[in-house]
Amino acid sequence: MRENTALHWIIDEDRLFTDMADSPDNPCTACGGCCAHFRVSFYCGELSDGLGGMVPVELTSKVNDTLACMKGTEHGHGRCIALVGELGRPGVGCRIYAQRPSTCREFSPWEADGQPNPECQQRRQALGLPVLAALPPEQAAPVLPA
């Protein structure tokens, strides 16, 4: 990871999100491991047929009266329907990145302190990819308001 990684930390409603869409060094665009491993469940209000939601409802399954999940991830260890490309290869990515659910927005390759996310590291290693280095201190997340 080069030091010019365009990692943007976003604080919204006391939650920390990351956005690396504009980064040429986004490690996710050559991995995709988490998108083919975890169940991606989230609040139904995020669905495009809800009040202000943006996650395309046709790409989701109902979990219960308050939760939905991305199709393909219903039971975990399944590939998200929005994932395109080959796992572990350059160009893999989310076709609804700008509309992805909060679960995906909150999952970052790095912890707030700049250390690599252990779950991300495990997925990368499972695909034979190198582990990520810690971020320089100036790229660590801002402190959440108390």
Side-chain angles (χ1 to χ4, degrees), residues 1-2 4-48 50 52-57 59-64 66-145:
M1 173 95 5
R2 297 190 301 255
N4 64 347
T5 299
L7 175 63
H8 303 282
W9 295 98
I10 301 163
I11 299 173
D12 185 22
E13 297 181 13
D14 296 328
R15 291 167 44 188
L16 191 62
F17 299 95
T18 57
D19 186 358
M20 295 183 292
D22 298 331
S23 175
D25 294 329
N26 180 346
C28 303
T29 60
C31 183
C34 63
C35 307
H37 181 77
F38 298 111
R39 182 175 90 173
V40 181
S41 55
F42 53 93
Y43 175 60
C44 289
E46 295 184 49
L47 295 171
S48 60
M54 61 183 179
V55 179
V57 68
L59 302 180
T60 67
S61 297
K62 182 178 179 176
V63 174
N64 58 38
T66 57
L67 292 177
C69 71
M70 295 302 295
K71 286 184 180 177
T73 72
E74 291 90 342
H75 306 289
H77 302 283
R79 185 184 174 103
C80 178
I81 190 172
L83 185 64
V84 294
E86 187 178 341
L87 293 178
R89 300 285 191 181
V92 70
C94 179
R95 67 182 171 111
I96 62 163
Y97 188 83
Q99 299 164 297
R100 70 196 187 283
S102 60
T103 304
C104 301
R105 292 175 189 277
E106 290 176 335
F107 189 88
S108 173
W110 293 279
E111 302 289 338
D113 65 1
Q115 292 302 307
N117 178 331
E119 292 174 327
C120 173
Q121 299 288 56
Q122 289 173 354
R123 304 284 50 88
R124 291 181 64 79
Q125 288 178 315
L127 291 171
L129 296 171
V131 295
L132 299 175
L135 292 173
E138 64 272 10
Q139 288 188 335
V143 177
L144 287 172

Taken to the nearest 0.5 Å, the spacing of R100 CZ from C35 SG works out to 10.0 Å
dist N26:CG -> Y97:OH (nearest 0.5 Å) comes out at 6.0 Å
In short, I96 meets A82 closest at the heavy-atom pair CG1-CB, 3.7 Å
Please evaluate residues N117 and S108 with respect to the criterion side-chain contact (heavy atoms from CB on, under 4.5 Å), reporting the C-alpha separation (whole Å), side-chain torsions for both, the decisive distance (0.1 Å), and the verdict. CA-CA 7 Å; N117 178 331; S108 173; 5.5 Å; no
Here the pair of heavy atoms bringing G33 nearest to R123 is O-CD, 3.8 Å
Here the ring-ring contact (aromatic ring centres under 6.0 Å, His included) pairs for residues 70-93, sequence neighbours left out, are H37-H77
Are the side chain of Q125 and the backbone N or O of P130 linked by a donor-acceptor pair below 3.5 Å? no
Rounding to 0.5 Å, atoms CG (L129) and CZ (R124) come to a distance of 5.0 Å
Checklist line | pair M70-V55: side-chain heavy atoms closer than 4.5 Å | finding: yes
(Q) Please determine whether side-chain contact (heavy atoms from CB on, under 4.5 Å) holds for the pair T73 and C80, giving the CA-CA distance in whole Å, both sets of side-chain angles, and the decisive distance to 0.1 Å. (A) CA-CA 5 Å; T73 72; C80 178; 3.8 Å; yes
For R105 and M54, the nearest pair of non-hydrogen atoms, with its separation, is NH2-CE, 2.5 Å
Item checked: Any C120 side-chain heavy atom under 4.5 Å of C34 side chain -> no
* May I ask you to test the C104-F42 pair for a side-chain heavy-atom distance under 4.5 Å? => no
Scanning both residues in full, the closest heavy-atom pair of L87 with A36 reads CD1-CB, 3.7 Å
Closest non-hydrogen contact found for L59 with R95 is CD2-NH2, 3.3 Å
Practice prompt. Check the pair T103 / R39 against side-chain contact (heavy atoms from CB on, under 4.5 Å), numbers first and verdict last.
Written response: CA-CA 10 Å; T103 304; R39 182 175 90 173; over 6 Å; no
From the list V40, L47, T60, side chain to side chain contact (heavy atoms under 4.5 Å, CB included) with P101 holds only for V40
_Side-chain donor/acceptor of E46 to backbone N/O of C44, under 3.5 Å_ = no
Review point. Taking side chain as C-beta onward, heavy atoms only, is P27 less than 4.5 Å from W110?
Key: yes
Between C31 and V92 the two heavy atoms that sit nearest each other are N-CG1, 3.3 Å
